[in-house]
Amino acid sequence: MFRASVTVRPERWRRCQQASFCRKYTLAISRDLPNSFANALTKFSQGEDPIHLEMARCQHDEYVKRLREFVPTLCLPALDDHPDSVFVEDTVVAIGKKAVITNPGHPSRRAEVDTIQDTLRRLGFSLTDMRDQHEGGGALCDGGDVLYTTRHLFVGLSERTNVEAVQVLAEAFSNVETIAVPFDGEALHLKSIVTHMDPTTLVAPTGPLGDQVLEAMKADERGYQTIVRLPNLLSCNVVVVNGGILAQDGGCGESKALLQAAAKERNLTIEFLDLSETAKCDGALTCCSVLLEI
Ligand code: CIR
């Protein structure tokens with residue numbers, strides 16, 4: 001039922017092992033695009049073009065193919081009853097062999113977590129189910145709001161993620177400092193705004209939205225020495241995996257050039273991808289996979 005690829009280029013593993021900051025991912029989980037994808041939730045994306053299903057499928061296949069250059073990837077079968085189910089990142093937060101199964105903030109997304117929970121249980125993870133916590137199921141969280149830099153666990157307080165969830169995450173991952181990051185509603189998730197390239201480098205947009213979030217994170221005080229500021233918001237969501245970076249080809253040459261330079265300085269291989277159809281429903285790159293260290 002599952003499709004996994006194990007074709008990871010050996011030189012990329014070596015490069016990753018040389019880089020002491022790097023998390024060593026051994027498996028990624030993604031999910032095939034559902035036939036219902038055109039009905040995915042959309043709030044922040046602009047534009048009137050509807051989602052083009054076949055193009056979305058090609059782009060997603062390309063994403064998985066590129067990801068497999070860096071890490072073996074298990075692609076779960078599509079859930080056609082759940083238009084947003086390709087966004088697996090939102091269903092779980094995993095660090096080492098521990099994982100917190102989330103209670104997604106939008107009711108239409110809650111049933112997506114069951115198959116992820118099953119998969120992680122079979123992989124031997126120690127699981128906390130957020131849905132069992134804080135009587136009454138008060139904790140709500142989308143994994144897209146959780147940014148783990150290896151030094152801090154930042155949790156965006158968005159329309160999808162609340163303080164009860166911060167509490168659950170802080171208890172589950174008690175060996176790392178957990179920090180709530182309030183931000184106003186100009187983007188769906190914290191990681192729609194800011195991601196990281198290494199333990200001291202963040203990627204964030206230029207302008208007030210980036211300023212606001214970096215300030216809420218106290219990025220400076222917390223030792224994030226380099227902040228790659230990009231004019232294009234979509235370009236700020238990057239996947240850093242085993243010596244490589246997957247980034248959006250968001251049509252912004254300046255953002256691409258800045259990312260390329262930052263990747264080169266860090267001896268990371270950067271690959272640009274066009275996920276225009278996913279972007280039409282507020283999705284970016286990190287949201288289409290869960291990276292695991294097992
Ligand atoms: C949603 O609104 O839930 C989806 N259309 C987009 C989720 C994107 N997830 C993510 O960035 N982690």
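FYI, side chains are in, hydrogens and waters are out, and symmetry mates aren't considered; it's all heavy atoms of this structure. We count ligands from 1, going down the list as the structure has it; atoms in each ligand are counted the same way.
Taking the charged nitrogens against the carboxylate oxygens, R121 and D129 have no contact shorter than 4.0 Å, which rules out a salt bridge.
Annotation: ring-ring contact (aromatic ring centres under 6.0 Å, His included) contacts involving residues 168-217, sequence neighbours excluded, are absent.
Among protein residues, L41, D84, F87, E89, D90, R109, G144, R160, L188, H189, C281, D282, G283, C287 come within 4.0 Å of ligand 1, judged on heavy atoms.
Side-chain atoms of D145 and F154, non-hydrogen and from C-beta on, never get closer than 4.5 Å to each other. Looking only at side-chain heavy atoms (C-beta outward), T200 and R151 come within less than 4.5 Å of each other. Residues V239 and I245 form no side-chain contact, since every pair of their non-hydrogen atoms from C-beta on lies 4.5 Å or further apart.
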Please step through side-chain hydrogen bond (donor to acceptor under 3.5 Å, both in side chains) for the pair Y63 and S289, ending with a clear verdict.
-> CA-CA 10 Å; Y63 172 88; S289 57; 2.7 Å; yes
